Amino acid sequence: MSSTSENIYTTFDRILKRQDKERLLNQKGLVVWMTGLSGSGKTTIAVALEQVLAEKGILTQVLDGDNIRSGINNNLGFSEDDRKENIRRISEVSKLFVNCGVVTLNCFVSPTKDIRQQAKDILGEDMVEVFINTPFEECEKRDVKGLYAKARAGEIKNFTGLDAPFEAPENPFLDISTVGRSVDECVKQIYDAVMPLIKY
Ligand code: ADP
């Protein structure tokens with residue numbers, strides 16, 4: 001043990017318990033971890049889902065590249081080690097929210113089984129994996145952020161789905177096809193499946 005960790009005095013026995021907070025909020029904490037290619041629809045769905053859940057009185061926090069990579073993880077790049085550290089911190093942040101009874105909606109490409117396993121190892125049963133299942137060709141057609149054009153032009157290296165792998169989850173909690181379906185339909189599919197887990 002490092003001298004730093006020896007000098008940490010835990011407060012676990014004195015802080016309010018998760019169950020107390022869940023009772024306060026009248027909901028159960030959960031991490032809805034969305035995985036899928038860039039432009040597959042993770043953020044669009046999370047933002048819409050958050051609205052629907054808010055209408056039902058459920059407190060949520062969307063976690064995505066915008067608020068994570070620009071804040072707590074702004075010192076991390078895209079090397080193997082940094083990607084791992086990125087997911088470790090996202091998972092630990094999610095855990096804090098879940099222990100507060102909050103539902104986090106995580107929008108991260110999280111392209112490999114290893115990466116998602118790392119999150120599962122930290123979050124256990126508090127995490128459900130939702131595959132936002134949109135084929136590469138469709139994401140490229142949408143090209144919301146112009147990233148596919150740049151990657152094709154060779155301006156982005158290691159682009160997921162092009163010259164870096166995306167390993168589809170084998171047994172996701174939910175598999176959400178977005179092609180030919182409205183955002184509302186996809187949101188409803190997730191809502192119907194997660195609501196029983198969130199309900200206090
Ligand atoms: P990601 O967060 O996965 O990178 P975005 O949510 O930023 O993806 O972009 C997804 C794009 O796909 C948006 O322009 C959205 O309007 C479009 N789209 C079309 N159909 C759907 C659908 N059924 N669900 C989610 N997004 C959809």
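This one's a predicted model, so the numbers in the text were calculated from it and none came from an experiment. As the structure lists them, so they are numbered: ligands from 1, and atoms in each ligand from 1.
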Q: Among Ile, Leu, Val, Met, Phe, Trp and Tyr joined by side-chain contacts under 4.5 Å, find the other residues sharing a cluster with F136 and list them by chain and number.
A: L37, V109, F131, L147, Y148, I156, F159, L162, F166
Q) Would you call K120 and E129 a salt bridge, taking side-chain N to carboxylate O under 4.0 Å as the test? A) yes
Q: Take K188 and E185 through the salt bridge (charged side-chain N to carboxylate O under 4.0 Å, His left out) test and state the conclusion after the steps.
A: CA-CA 5 Å; K188 185 168 185 316; E185 271 176 78; over 6 Å; no
Q: Tell me, please, which residues at least two apart from N99 pass side-chain hydrogen bond (donor to acceptor under 3.5 Å, both in side chains).
A: none
(Q) Run D126 and R18 through side-chain contact (heavy atoms from CB on, under 4.5 Å) and show every step you take. (A) CA-CA 12 Å; D126 290 326; R18 171 172 174 175; 3.1 Å; yes
Q) What pairs of residues pass the ring pair (Phe, Tyr, Trp, His ring centres under 6.0 Å) test when at least one of them lies in residues 31-84, not counting sequence neighbours? A) W33-F108
Q. Protein residues near ligand 1, heavy-atom distance below 4.0 Å?
A. L37, S38, G39, S40, G41, K42, T43, T44, I45, R142, V144, K145, T178, R181, S182, V183, C186
